[in-house]
2 protein chains.
Amino acid sequence: MATLKDVAALAGVSVKTVSNVVNGYAFVKPENRRRVEEALTATGYRPHLGARNLRRGRTGFLALVLPELVVPYFAELAGLVLGAAQEHEWNVLIEQTLGTREGERDTLASLGPHMIDGAIVSPEALQAGDFGELAPGIPVVMLGEHSVDLPIDHVGIDNVEAARVAVAHLVGLGRTRIAAIGAHPHRGTAAQRLEGYRRALAEAGLPVREELVATAVNYHRRDGAEAMSRLLAAVEPPDAVFCFNDLLAVGAVRAAAERGARVPDDVAVVGFDNTEEGGYSLPSLTTVAPDKAAIARAAVDLLRRRVDDPGRPPEHVRTPFSLVVRESTRG
Amino acid sequence: MATLKDVAALAGVSVKTVSNVVNGYAFVKPENRRRVEEALTATGYRPHLGARNLRRGRTGFLALVLPELVVPYFAELAGLVLGAAQEHEWNVLIEQTLGTREGERDTLASLGPHMIDGAIVSPEALQAGDFGELAPGIPVVMLGEHSVDLPIDHVGIDNVEAARVAVAHLVGLGRTRIAAIGAHPHRGTAAQRLEGYRRALAEAGLPVREELVATAVNYHRRDGAEAMSRLLAAVEPPDAVFCFNDLLAVGAVRAAAERGARVPDDVAVVGFDNTEEGGYSLPSLTTVAPDKAAIARAAVDLLRRRVDDPGRPPEHVRTPFSLVVRESTRG
DNA sequence: CGATCGCTTTACAACGTTGTACCAACGATG
DNA sequence: CATCGTTGGTACAACGTTGTAAAGCGATCG
């Protein structure tokens, strides 16, 4: 592989001059610049990023830390982050934590301070305080949970409001026994969506029945199906369900079908995330649609600014969302 | 951040001795080893991978090049590759090509020879000859398409046989007008699955009707839906459809429902890939289930061996598959 | 008792790049 | 004509790591 040395030899100039041309330094004699550029293409020179990193202290890598790629929301998000990062000439290192707190710890620790310029983290189990100790000095942008008290950059939608809108939609259909699937003791987003759920019920003058709030350990299809089965087996089953993500909703729809409950006639279902899958399921899912592209873009932009100026005050970016109404809540 | 120098100073030994301890060199006096290890933990030393790369010539990175993360099959595969790579102490760099030949070219070219130890590529549009020129000297393992003539390591299932089995299953249900969705002029896997389709029909003494072979530009849900709509609009619609991946099948099922065709009563549907989504769709999908974990493991193993010994003859690994029969073909 | 051997450690150089310091040529200025 | 600033170029060191060569040190052998 061609190095600066090779190119310099071919062009008849010093190594540094070639480096200057490569880096767009202004004061290079046109004649020399031409010669160097020729030599550059002739040798097919590619800078050695490891060496550059060693010298400059920047790696050109960004870590995207998320629970699981098999969860469509994260897969879609990852794709968008990849695209956004490319525009900043960043390469993306995707790390799966598998949703465990340990996984999130290990990942951040193992990446070390040298390998990445910064990280975009979608925390699931990670607690607030963990960040300071785990990623000392690593610029981090958090996704999802909105904890204003943390001195960390953050991007996300207003989860409380989004959940409220979703449940208000169910209320608007005339449903009164509205269940929630996805409560979780240690997840920030779960708490916020639950809060929005409560708020919508309160606004409608409906009571919050604890037996209609189903927890979900993970947010997979299986968990949604199990929760829905439990709910439908009750003496007074719900006439609507708000699921904290689309996967839960897909599982819930499936479980409803298996138990002979019609969606939306007997149970209306609302999901969250607007994954493509929800648009094709039978019935198609009404869902909260966060602007994922905006999230990805904002996260990368924020990280860029943080890297360029580590001292700046942390910023909280709220990205827009909308409610997409489809068959699962349309008589 | 602590460097070897810092650790050495603290332990009162030379830098190299610390390096030796870090790298597990056998001949270090126990006393010194102890002191170094203490200093190591005291300083929280983490090797600088860029520097190590520069020195060793290995980066510790592996590129996973695939069309799109939003396609569940690739998301699942990516997750598994991430896991398998971890066991080899490899970090994974995921690159999306978006299925275009240009994307695949650019990706391989931009990664350059320095950034990665090797690449696992799931080609979609890339032509056979492209590899030699694009990735000169980069160890590559190909996934999916099985082109024995290429001097490149390769992992995949027997696509022809898998397709044959899938279609034979439909034949076994007594279906006679069996359609195929997913034909594509430039995709190796498409050609092979089509071949398996033809073979199964031939074995059953059924004619191959060209009007029952639907092409799909991409392999997304939308394409499956469009193809299914076209097929069902025909004078003599099919009574079964073999889709070249699960996404196409999901789209096909949706289109069938929209046109009032019952699955499987009116049209039986078989997918390919055994994505989790297919197991929860209504009806759940009968599908060809490649052993994705085996594919991921084999690919990483193969790459490891190729990296360690660039001269070895290329190997073609066939991973197992099975047919998972579910509601979409069960009366 | 000197030579030899195995273990242990170290100094040094090098990987490819870029920042710093410095030098040289040049035209313009006083 | 001496001085100065601008422009263009180079040599050198350093980023953190590890391979190489070599040296120090006991112990063992002839």
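What you see below is based on every heavy atom in this structure, not just the backbone, and it leaves out hydrogens, waters and symmetry mates. Numbered from 1 within each chain, the chains take letters A, B, ... in sequence-line order.
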Distances for protein N or O near nucleotides 21-24 of chain D N or O, under 3.5 Å:
none

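Within residues 19-43 of chain B, the residues that have a heavy atom under 4.0 Å from DNA chain D are, in order of number, B:S19, B:N23.
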(request) Quick one, give me the B/S/- string for nucleotides 11-16 of chain D, reading 5' to 3', where B means a protein heavy atom under 4.0 Å from the base and S means that only happens at the primed atoms, P, OP1 or OP2. (result) B-BBBB
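Judged purely by atom type and a 3.5 angstrom limit, B:E76 uses its side chain to pair as donor or acceptor with the backbone of B:E276. A:T59 contributes a side-chain N or O that, together with a main-chain N or O of A:M115, makes up a donor-acceptor pair within less than 3.5 Å. For B:D117 (side chain) and B:G60 (main-chain N/O), a donor-acceptor pair under 3.5 Å exists by modelled atom type. A donor-acceptor pair under 3.5 Å is absent between the side-chain atoms of B:Q96 and the main chain of B:V65, judged by distance alone. When atom types are taken as modelled, the side chain of B:R35 and the backbone of B:V13 share no donor-acceptor pair closer than 3.5 angstrom.
Residue A:R58 contributes atom CZ, which lies 14 Å from atom P of C:dT18 at whole-angstrom precision.
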(message) Could you go through B:R297 and B:E87, starting from their C-alpha distance and side-chain angles, then the distance that decides it, and tell me whether this counts as salt bridge (charged side-chain N to carboxylate O under 4.0 Å, His left out)?
(response) CA-CA 10 Å; B:R297 230 179 304 117; B:E87 289 170 22; over 6 Å; no
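Relative to the six-membered ring of A:W90, A:R304 meets both conditions, a distance below 6.0 Å and an angle of at most 45° to the axis.
Two rings, from B:F74 and B:Y219, have their centers 6.0 Å or more apart.
Remark: B:E89 CD is loosely packed, at most 12 non-hydrogen atoms of other residues, nucleotides or ligands lying under 6.0 Å away.
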